[in-house]
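Fair warning: this is a prediction, and the values are worked out from it, not measured in the lab. All values below come from the heavy atoms of this structure, side chains included, with hydrogens, waters and symmetry mates left out.
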Amino acid sequence: MATLTLRDLRKSYGPADVIKGISLDVLEREFVVFVGPSGCGKSTLLRMIAGLEDITSGELQIDGKRVNDVGPADRGLAMVFQSYALYPHMTVRQNMGFALRLARVPKAERDRKVQEAARILQLEPYLERRPKDLSGGQRQRVAIGRSIVRDPKVFLFDEPLSNLDAALRGQMRMELLRLHEDLNATMIYVTHDQVEAMTMADKIVVLQAGLVEQVGSPLELYHHPNNLFVAGFIGSPRMNLMPAQVVEASGSGVTVALASGGQVTVPTSAGGVRTGDTVTLGVRPEGLRIDPAGPVAGEVTLVERLGGLTLVHIIAAGGGQAMTVQSEGSASIRAHEAVRLSIDTAACHLFDTGGQALSRLARHPLAA
């Protein structure tokens with residue numbers, strides 16, 4: 001397996017800058033996920049790594065060797081696309097071994113590699129079938145098998161599960177994680193689905209408009225977002241973001257007044273904020289609790305009962321701020337009820353007028 005190094009990588013199409021200077025280190029055997037909204041540049045960045053897009057400037061290294069001018073076939077990488085792109089007239093065995101056949105790999109070695117990939121992917125019973133006789137998940141495994149037989153240094157995945165239904169996506173996520181462990185492989189995975197990113201990655205790279213917003217482990221990004229974009233993008237349901245005004249800043253934290261009523265002291269440093277400044281208070285749905293003595297008043301608009309937990313959607317008084325509360329599945333709350341909310345200040349975040357997070361006075365224990 002290999003390491004991958006990006007140094008100030010840039011990509012322009014004429015006057016349009018798509019990738020605007022990205023530096024990143026991918027360690028050996030890491031599972032790294034590029035995540036971000038559509039158009040943020042994550043697939044373009046992956047294609048630059050694969051050699052399918054020219055690099056405008058910057059440097060790309062594989063195992064410390066500069067590969068900017070090395071062709072895709074000679075980089076030792078394998079890419080799995082969103083489309084399975086299987087040859088319909090070939091069997092699974094023929095599809096998986098086709099690249100080896102083009103490379104004039106001896107038949108005995110080709111058969112051995114295909115058989116081993118089929119074993120890893122649990123495709124042995126389907127080797128003589130054609131793509132039309134396979135399910136979507138099986139076809140995707142065949143596409144992955146074509147990569148495995150090449151013994152690549154790095155696996156590249158470009159939204160490979162987008163064409164599958166929800167249940168099959170969940171199953172394939174687990175299979176890809178098992179594959180990563182079995183192969184001890186370096187993998188880079190692109191998705192717009194932050195749930196995929198949270199459940200699969202060793203390291204997440206959050207992209208926005210061709211720039212890296214934050215890099216870190218899933219729990220680090222969840223508990224310590226650097227800015228409002230990451231806070232709103234990572235986590236499902238998304239973080240509640242509420243306008244607030246600074247009342248006081250002290251050694252124990254920053255006290256803010258909410259538009260919906262009440263005050264909250266958040267254990268963060270003051271940074272550059274001063275009394276009277278407008279800031280944004282962020283709190284995850286599990287950090288809010290329905291409490292008759294809570295400082296925030298509101299009305300329930302919708303209740304989503306998901307079995308083990310319930311999501312309660314609330315419009316706060318004094319400004320109409322929409323909020324989501326995560327409660328236990330047996331919660332008896334109903335739509336149109338008037339409620340009050342308490343806030344777990346240890347789960348709160350504050351963002352300044354520029355959208356940057358204020359430093360917390362104590363890190364969340366799970367995000368270490």
Side-chain angles (χ1 to χ4, degrees), residues 1-13 17-36 40-82 85 96 98-100 102-105 109 113 116-117 120 143-160 176-177 179-191 196-197 200-207 210-212 214-217:
M1 296 301 106
T3 61
L4 198 69
T5 304
L6 283 62
R7 289 291 174 262
D8 196 27
L9 221 58
R10 297 175 183 269
K11 176 65 179 179
S12 301
Y13 296 100
D17 296 328
V18 178
I19 301 297
K20 303 173 183 178
I22 290 179
S23 296
L24 178 70
D25 293 309
V26 178
L27 305 180
E28 195 171 70
R29 298 182 176 87
E30 267 193 320
F31 197 123
V32 176
V33 176
F34 296 167
V35 68
C40 70
K42 54 189 183 295
S43 289
T44 300
L45 182 60
L46 193 74
R47 291 172 64 85
M48 291 167 71
I49 293 170
L52 302 177
E53 293 279 357
D54 292 333
I55 295 171
T56 303
S57 66
E59 185 168 277
L60 174 65
Q61 298 177 3
I62 298 175
D63 279 340
K65 178 183 176 183
R66 188 179 190 274
V67 296
N68 289 42
D69 303 316
V70 176
D74 298 319
R75 293 191 180 187
L77 313 179
M79 191 159 178
V80 179
F81 297 92
Q82 181 176 347
M96 289 172 64
F98 187 64
L100 299 179
L102 290 179
R104 300 186 183 279
V105 173
E109 183 180 353
K113 288 188 173 184
E116 176 62 12
I120 292 170
I144 294 169
R146 287 186 307 195
S147 298
I148 292 176
V149 298
R150 297 175 54 196
D151 295 325
K153 294 179 179 179
V154 181
F155 287 87
L156 307 176
F157 296 92
D158 191 5
E159 303 199 46
L176 282 172
L177 287 173
L179 180 67
H180 176 248
E181 185 174 346
D182 289 348
L183 296 178
N184 239 344
T186 304
M187 295 184 173
I188 301 177
Y189 187 101
V190 162
T191 181
E196 282 186 12
M200 298 176 72
D202 297 320
K203 182 162 68 184
I204 296 176
V205 180
V206 182
L207 295 166
L211 294 169
V212 173
Q214 189 170 352
V215 178
S217 71

What are the two closest non-hydrogen atoms of [X] and [Y], and how far apart are they?
| X | Y | value |
| --- | --- | --- |
| Val33 | Ala201 | CG2-CB, 3.5 Å |
| Leu77 | Ala50 | CD1-CA, 4.0 Å |
| Val80 | Pro160 | CG1-CB, 4.3 Å |
| Ile204 | Ala197 | CD1-O, 3.6 Å |
| Ala2 | Val154 | CB-CG2, 4.0 Å |
| Leu9 | Gly58 | CD1-C, 4.0 Å |

Would you compute the distance between atom [atom1] of [X] and atom [atom2] of [Y] and round it to the nearest 0.5 angstrom?
| X | Y | atom1 | atom2 | value |
| --- | --- | --- | --- | --- |
| Asp158 | Ile188 | CG | CD1 | 11.5 Å |
| Lys153 | Ile62 | NZ | CD1 | 6.5 Å |
| Leu179 | Asn184 | CG | CG | 11.0 Å |
| Leu60 | Leu6 | CG | CG | 5.5 Å |
| Ile55 | Asn68 | CD1 | CG | 4.0 Å |
| Tyr189 | Leu156 | OH | CG | 13.0 Å |

### Query
Is there a donor-acceptor pair closer than 3.5 Å between any side-chain N or O of Ser147 and the backbone N or O of Ala78?
no
### Message
Given 3.5 Å as the limit, does a donor-acceptor pair link the side chain of Thr191 with the main chain of Val35, or not?
### Response
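Pair absent, no side-chain N/O of Thr191 close to backbone of Val35.
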### Message
Set out, in order, the CA-CA distance, both residues' side-chain angles and the distance that settles side-chain contact (heavy atoms from CB on, under 4.5 Å) for Val205 and Leu45, then state yes or no.
### Response
CA-CA 12 Å; Val205 180; Leu45 182 60; 5.9 Å; no
### Query
If you look only at pairs with a residue in residues 67-78, which of them pass as a salt bridge (charged side-chain N to carboxylate O under 4.0 Å, His left out), with sequence neighbours excluded?
Arg66-Asp69
Which residues pass the side chain to side chain contact (heavy atoms under 4.5 Å, CB included) test with [X], not counting sequence neighbours?
| X | result |
| --- | --- |
| Ala85 | Ser83, Arg146 |
| Leu27 | Glu30 |
| Lys11 | Tyr13, Ile19, Thr44, Met48, Glu53, Asp54, Thr56 |

Of all residues at least two apart in sequence or in a different chain, which pass the salt bridge (Lys or Arg N to Asp or Glu O under 4.0 Å) check with [X]?
| X | result |
| --- | --- |
| Glu109 | Lys113 |
| Arg150 | none |
| Asp17 | none |
| Asp25 | Arg7 |

### Query
Any side-chain heavy atom of Val212 sitting closer than 4.5 Å to one from Leu207?
yes
### Query
With a 4.5 Å limit on heavy-atom distance, are the side chains of Ile144 and Leu176 in contact?
yes
#### Entry: Residues which pass side chain to side chain donor-acceptor pair (under 3.5 Å) with Glu181, listed by chain and number, not counting sequence neighbours
none
#### Entry: Residues forming a side chain to side chain donor-acceptor pair (under 3.5 Å) with Thr5, sequence neighbours excluded
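Side chain to side chain donor-acceptor pair (under 3.5 Å) list for Thr5, sorted by chain: empty.
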### Task
Let me see the working for Leu183 and Phe155 under side-chain contact (heavy atoms from CB on, under 4.5 Å), right down to the final yes or no.
CA-CA 11 Å; Leu183 296 178; Phe155 287 87; 3.8 Å; yes
### Query
Please walk me through it: do Ile49 and Phe34 pass side-chain contact (heavy atoms from CB on, under 4.5 Å)?
CA-CA 12 Å; Ile49 293 170; Phe34 296 167; 4.1 Å; yes
